[in-house]
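In what follows, every chain begins at residue 1, and chains take the letters A, B, ... in the order their sequences are listed.
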Number of protein chains: 2
Amino acid sequence: MRDFSRSLPMSLLRAREAVMRQFRPKLREHGLTEQQWRILRALAAIEAAEVTELARTAFLLGPSLSRILRDLEARNLIERKTAKADQRRSMVSISREGVKLMAAVAPSSEAIYAEITQRFGARKLAELQEMLGELELCLASTGASDDVTDET
Amino acid sequence: MRDFSRSLPMSLLRAREAVMRQFRPKLREHGLTEQQWRILRALAAIEAAEVTELARTAFLLGPSLSRILRDLEARNLIERKTAKADQRRSMVSISREGVKLMAAVAPSSEAIYAEITQRFGARKLAELQEMLGELELCLASTGASDDVTDET
DNA sequence: CGCATTCACTTAACATGTTAAGTATCTTCG
DNA sequence: CGAAGATACTTAACATGTTAAGTGAATGCG
């Protein structure tokens, strides 16, 4: 069997870990996890979003998101209100405090990203992201539990 | 701020998830998680390994590995014995049952990997892995908690 | 030898990943 | 209208990620 440490899943895992290791300490200084930071960033870019939409944007599963939103709400970093038209949906938005926290963390985050870009090379980084996107695309809707009806 | 859904960490996360989504269902059929499978594969390639060595190979943190080894041992998929020379170390090896399970899963796993390779293209896959390796390398020992003494 | 330090591993505590089940609301259709 | 089904979440349960603290064994050194 192929040496699994050279397999694609392991390559992706190690590469991502190498990248995230750069960010985690700074996020931690502000009491944020990687996932919480993703949610704040996603919310900062829009007025408000439904939970399902936010899950898709931040690439989190529903149950994880539910827990995290509960915690972020308790820390007053986000706000929630049920939609008028459909009581099932809740609209999530970032709070004033959340915006302040973002503003405090963003510069360091940007600096770290710039450092990574500079080290690896901007052109190579773009190429890498292009390939990752293609990989994702060519595997789309090929898993076991997809909402596709005409699978073989 | 840059659209975070196009950031490197998200690209890596989505790509890896797209890949793992192909494998998880089959592993699940055999009652294995991705991490348990990594450990079995790592052990299958060697006679026996110390826990720390195994953690490095399977890319797992010590605490995670401790729990997983406890469970795999309870399921009789691995065996442990403390080293003679150093009572702190324990040598882990795959059991006969573990080998049997590997043999049962390996063909499907290989088939899935082959399918991915074929879809994405073998040459492109090699290029991607090359870039991922370079990324990992250029970020090595740059995090906050590394055992490097001469950091800036 | 003896004791502080280091080392290998485990436990603990909390956050998230993952699947299944639950709840409340909305929609559909007879 | 009203019951069956669909939808948008939430909870539950178990496995892992992550950091800190704990435990027992080996080492270094006076």
Side-chain angles (χ1 to χ4, degrees), chain A residues 9 13-14 16-17 20-21 23-39 48-56 58-75 77 80-92 143-147, chain B residues 9 13-14 16-17 20-21 23-39 48-56 58-75 77 80-92 143-147:
Chain A
L13 181 59
R14 279 196 304 255
R16 188 175 137 83
E17 178 54 29
M20 287 317 301
R21 182 163 41 231
F23 290 96
R24 261 192 283 269
K26 187 59 67 176
L27 293 178
R28 189 171 174 71
E29 281 179 21
H30 295 270
L32 287 175
T33 66
E34 175 196 336
Q35 292 82 355
Q36 293 167 347
W37 178 238
R38 289 218 299 271
I39 293 172
E50 298 173 13
V51 173
T52 302
E53 183 188 354
L54 190 55
R56 190 167 31 76
F59 208 69
L60 292 169
L61 294 179
S64 292
L65 186 53
S66 267
R67 283 177 307 213
I68 300 175
L69 289 180
R70 166 167 49 71
D71 299 347
L72 290 179
E73 191 175 21
R75 289 167 65 182
L77 295 176
R80 273 204 272 200
K81 54 179 180 184
T82 47
K84 307 176 196 75
D86 189 338
Q87 304 271 335
R88 290 171 306 181
R89 299 164 196 270
S90 94
M91 303 302 292
V92 186
S145 61
D146 279 319
D147 44 343
Chain B
L13 181 58
R14 280 196 303 257
R16 188 175 137 82
E17 178 54 30
M20 287 317 300
R21 182 163 41 233
F23 290 96
R24 260 191 284 269
K26 186 59 67 175
L27 292 178
R28 190 171 172 72
E29 281 179 23
H30 294 270
L32 286 175
T33 66
E34 175 196 334
Q35 292 82 355
Q36 292 167 349
W37 178 239
R38 289 218 299 272
I39 293 172
E50 298 173 12
V51 173
T52 302
E53 183 188 354
L54 190 53
R56 189 167 34 74
F59 209 69
L60 293 168
L61 294 179
S64 292
L65 186 53
S66 268
R67 283 177 307 213
I68 300 175
L69 289 180
R70 167 168 49 68
D71 299 346
L72 290 179
E73 191 175 19
R75 289 166 65 182
L77 295 175
R80 275 203 273 201
K81 55 179 181 185
T82 46
K84 307 177 196 74
D86 189 338
Q87 304 271 334
R88 291 172 304 182
R89 300 165 197 269
S90 93
M91 303 304 291
V92 185
S145 62
D146 279 319
D147 46 339

Revision key, fill the gap. Leu61(B) CG to dA8(C) P, in whole Å, measures 16 Å
Practice item. Remember a base hit wins even if backbone is also touched, and classify Ser66(A) as base, sugar-phosphate or nothing at under 4.0 Å, heavy atoms. Key: base
All N/O pairs under 3.5 Å across the protein-nucleotides 21-28 of chain D interface:
| from | atom 1 | to | atom 2 | distance (Å) |
| --- | --- | --- | --- | --- |
| dA26(D) | OP1 | Gln87(B) | N | 2.9 |

**Study point:** Glu29(B) with Lys26(B): basic N within carboxylate O range, under 4.0 Å
**Key:** yes
**Study point:** Spacing of Arg70(A) atom CZ relative to dC14(C) atom P, expressed in whole Å
**Key:** 13 Å
Point to revise | Salt bridge flag under 4.0 Å for residues Glu17(B) and Arg24(B) | key: yes
Point to revise | Pairwise side-chain contact, Leu13(B) with Arg38(A), heavy-atom cut-off 4.5 Å (strictly under) | key: yes
Exercise for review: Locate the shortest heavy-atom distance separating Ile39(B) from Leu72(B); write the atom from each residue and the value.
Suggested key: CG2-CD1, 4.0 Å
Review point. Within this structure, what is the CZ-to-C1' distance between Arg38(B) and dG17(D), rounded to whole angstrom?
Key: 11 Å
Practice item. Measure from CD on Glu73(A) to P on dC9(D) and round the result to the nearest Å. Key: 14 Å
Check your understanding: So what does Thr33(B) hit on the nucleic acid, given a heavy-atom distance under 4.0 Å: a base, only sugar-phosphate, or nothing?
Key -> sugar-phosphate
Study note, to complete from the structure: To the nearest angstrom, the CZ-P distance between Arg24(A) and dT19(D) comes to 6 Å
Exercise for review: Would you kindly give the CD1-to-C1' distance between Ile68(A) and dG17(C), to the nearest whole Å?
Suggested key: 10 Å
Check your understanding: If you check the Arg89(A) side chain, which of dT7(D), dA20(D), dT16(D) turns out closest?
Key -> dT7(D)
Exercise for review: Check step by step if side chain to side chain contact (heavy atoms under 4.5 Å, CB included) holds for Leu69(B) and Arg80(B).
Suggested key: CA-CA 9 Å; Leu69(B) 289 180; Arg80(B) 275 203 273 201; 4.0 Å; yes
Revision key, fill the gap. From CD1 of Ile39(A) across to P of dA15(C) the rounded distance in Å is 13 Å
Review point. Can you find a donor-acceptor N/O pair under 3.5 angstrom joining the side chain of Arg67(B) to the base of dG17(D)?
Key: yes
Revision key, fill the gap. Ranking dA12(C), dC9(C), dT16(C) by distance to the side chain of Pro63(B), first place goes to dA12(C)
Point to revise | Pairwise side-chain contact, Arg75(B) with Gln36(B), heavy-atom cut-off 4.5 Å (strictly under) | key: yes
Practice item. Inspect the contact between Arg88(A) and Glu50(A) and indicate whether a charged nitrogen and a carboxylate oxygen are less than 4.0 angstrom apart. Key: no
Review point. Any side-chain N or O of Arg56(B) under 4.0 Å from OP1/OP2 of dA8(C)?
Key: no
Review point. Between dG17(C) and Gln35(B), is there an OP1 or OP2 to side-chain N/O distance shorter than 4.0 Å?
Key: no
Review point. Between Leu65(A) and Ser90(B), which is nearer to the 5' end of DNA chain C once each is assigned its nearest nucleotide?
Key: Ser90(B)
Revision key, fill the gap. Thr52(A) has its side chain closest, among dA15(C), dA8(D), dT10(D), to dA8(D)
Review point. How close or far is atom P of dG17(D) from atom CZ of Phe23(A), stated in whole angstroms?
Key: 21 Å
